[in-house]
Structure formats: C-alpha cells, structure tokens
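Here is the structure we will look at.
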Amino acid sequence: MFFEKLYNKNKDHLFSFIRRSVQDESTALDLLQDTFLNFFKHYSGKELPDEQVSRMILFRISRNLMINHGKSYYQKNVALVGEETSSLFGSKGQGPENQVLDEMEAQNLVKIISELLSTLPEEQKTAIELRYSQGCKLEEIASVLDLSVSGVSRLLERAEKQLLQEGKKRGIQPSSFLKS
C-alpha cells in the first residue's frame, strides 16, 4: 500500500522533472518507470524510509538515470519550462491573434531559458530545476544532490550568477525568470 501511495503522490512531479530534461515524452515515461522500478527493487523486503526521504531518493534515482541517458545519447538540451508554459501567461485578449502571440512568446521564453541553461554544468542545471521549477527547499535539493544545504546555496548562487552573466551577453535578463 505504501508503494502505491508513494507512486501516486510523486509520479506527476517526477515525470515533470524528467520530461523537462529529456524533452521526449516516451523517454521520460521510460525513465519514470525505471525510477520507480529501481526504488521498488532496492526496498522490496527492506524497511522503507518515510515519505519525504523516499521522495528525495526517487528524485536522486531519476537524476542519475537522466545523467546516464544523456551520456549514452549525447543529449545536452535541457529546458526549465515545458510545453505547459503557454498556460502560465495570461491572454492579452480573446481573439485568436492574441492567443497565437501568447503562444509565440511562451515558445520564445522556453527557447531562451533552454539556451541559458545549456551553459550550466549538469549539477547546477539540476539544482536550478529543482529549486525554481519543482519548488524544492534547499534541504530537499541537498538530499537529491548529496550536498550540504550551504553547498546547495552556493551552487545555486553560482548558477544564478552564470545565468545572469550569460543573459547579459545575449541582451536578456534571466533574473526575471528566477523569481520564486
């Protein structure tokens, strides 16, 4: 029963986390399934950690699977914001022209963020994703990345600084995207 509850509670967040990184729904579903299978295999017949610890273990497993997947296919394109971005922007009007413009803005934002994130090392990308896209606390990110809380804080600061510098080079201000 615990496994079913754990799966139902975390599958959407994990899928979103994986989907943004691999940008392919089929692959994301495979990695999601592998995440839970690895967890279940490891803990079958063993004492299970509590829900919060289990969640962090699941994120760590999925992160490792994504890294392995990326290495095996040489995929380096990572997006912070997925296809659902368009629903985050209020419509400027009811007309179809404005809906098309909203969609174009959303696609442009996804492209900009993806380009900026591609300049970051994998660990910084993961930290940014967990903090700003998944809304994880520093303690949760520390557990996933196997770092101290202060280490995560410094990692995020370096990543944000690098995003700001890269954004300035390209004439954009990433700080507007980093507000939680």
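All values reported here derive from a predicted model rather than from experimental measurement. Basis for what follows: all heavy atoms, side chains included, without hydrogens, waters or symmetry-related copies.
No side-chain heavy atom of K125 sits under 4.5 Å from any side-chain heavy atom of S21. Proximity of C136 to R55: side-chain heavy atoms (C-beta onward) are separated by under 4.5 Å at one or more points. Counting heavy atoms from C-beta outward, K11 and N8 have side chains that approach closer than 4.5 Å. Between R63 and L145, some side-chain heavy-atom pair lies under the 4.5 Å cut-off. Side chains of L155 and I141 form no contact here, defined as non-hydrogen atoms less than 4.5 Å apart.
Residue I18 comes nearest to M66 through the heavy atom pair CA-SD, 3.5 Å, listed as atom of the first residue, atom of the second, then distance. Contact between D24 and R19 at its shortest, heavy atoms only, is N-NH1, 3.4 Å. Pairing each heavy atom of F36 with each of L6, the nearest pair is CE2-O, 4.3 Å. The heavy-atom pair separating P121 from Q162 by the smallest distance is CD-OE1, 4.1 Å. For P49 against S54, the heavy-atom pair with the smallest separation is O-OG, 3.2 Å.
A distance-only check finds a donor-acceptor pair linking the side chain of S118 to the backbone of E115 [under 3.5 Å]. The backbone N or O of L130 sits nowhere less than 3.5 Å from a side-chain atom of S133 that would complete a donor-acceptor pair. With hydrogens and angles ignored, the 3.5 Å screen pairs no side-chain donor or acceptor of T27 with any backbone N or O of V22. Here the side chain of S16 pairs no donor or acceptor atom with the backbone of H13 at under 3.5 angstrom. Put simply, the side chain of E166 never gets that close to the backbone of T119: no donor and acceptor are under 3.5 Å apart. Judged by distance alone, with hydrogens and angles left aside, the side-chain atoms of T126 form a donor-acceptor pair with the main-chain N or O of E122 at under 3.5 Å.
A ring-centre distance under 6.0 Å is found for F39 and Y43.
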Evaluate the side-chain contact (heavy atoms from CB on, under 4.5 Å) criterion for residues L31 and L14: first the C-alpha distance (whole Å), next the side-chain angles of each, then the deciding distance (0.1 Å), finally the verdict.
-> CA-CA 10 Å; L31 291 174; L14 283 167; over 6 Å; no
Passes side chain to side chain donor-acceptor pair (under 3.5 Å), Q134 versus E140? Steps please.
-> CA-CA 11 Å; Q134 297 296 324; E140 296 170 330; over 6 Å; no
Passes side-chain contact (heavy atoms from CB on, under 4.5 Å), E160 versus I128? Steps please.
-> CA-CA 8 Å; E160 291 168 1; I128 290 286; 4.1 Å; yes
Start with the C-alpha gap between Q165 and K161, add the side-chain angles, then the distance that decides, and say whether side-chain contact (heavy atoms from CB on, under 4.5 Å) holds.
-> CA-CA 6 Å; Q165 290 172 345; K161 184 177 179 181; 3.5 Å; yes
For salt bridge (Lys or Arg N to Asp or Glu O under 4.0 Å), just list the numbers for E51 and K5, CA-CA rounded to whole Å, side-chain angles, deciding distance to a tenth of an Å, and then say yes or no.
-> CA-CA 9 Å; E51 280 188 49; K5 181 180 176 186; 3.1 Å; yes
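Put simply, L37 and F3 are part of two different groups of oily side chains (I, L, V, M, F, W, Y) that touch within less than 4.5 Å, one to the next.
Put simply, CZ on F59 and CG on N64 are 13.5 Å apart, with the number rounded to the nearest 0.5 Å. Interatomic distance, CG of L138 versus OG of S148, reported as 10.0 Å (0.5 Å rounding). Atom CG of residue L65 and atom CG of residue N38 lie 5.5 Å apart, to the nearest 0.5 angstrom. Between S62 atom OG and I57 atom CD1 the span is 12.0 Å, to the nearest 0.5 Å. In this structure, CG on L32 lies 9.0 Å from CG on L58, to the nearest 0.5 angstrom. One distance of note links CG of L117 with CZ of R20; it measures 11.5 Å at 0.5 Å rounding.
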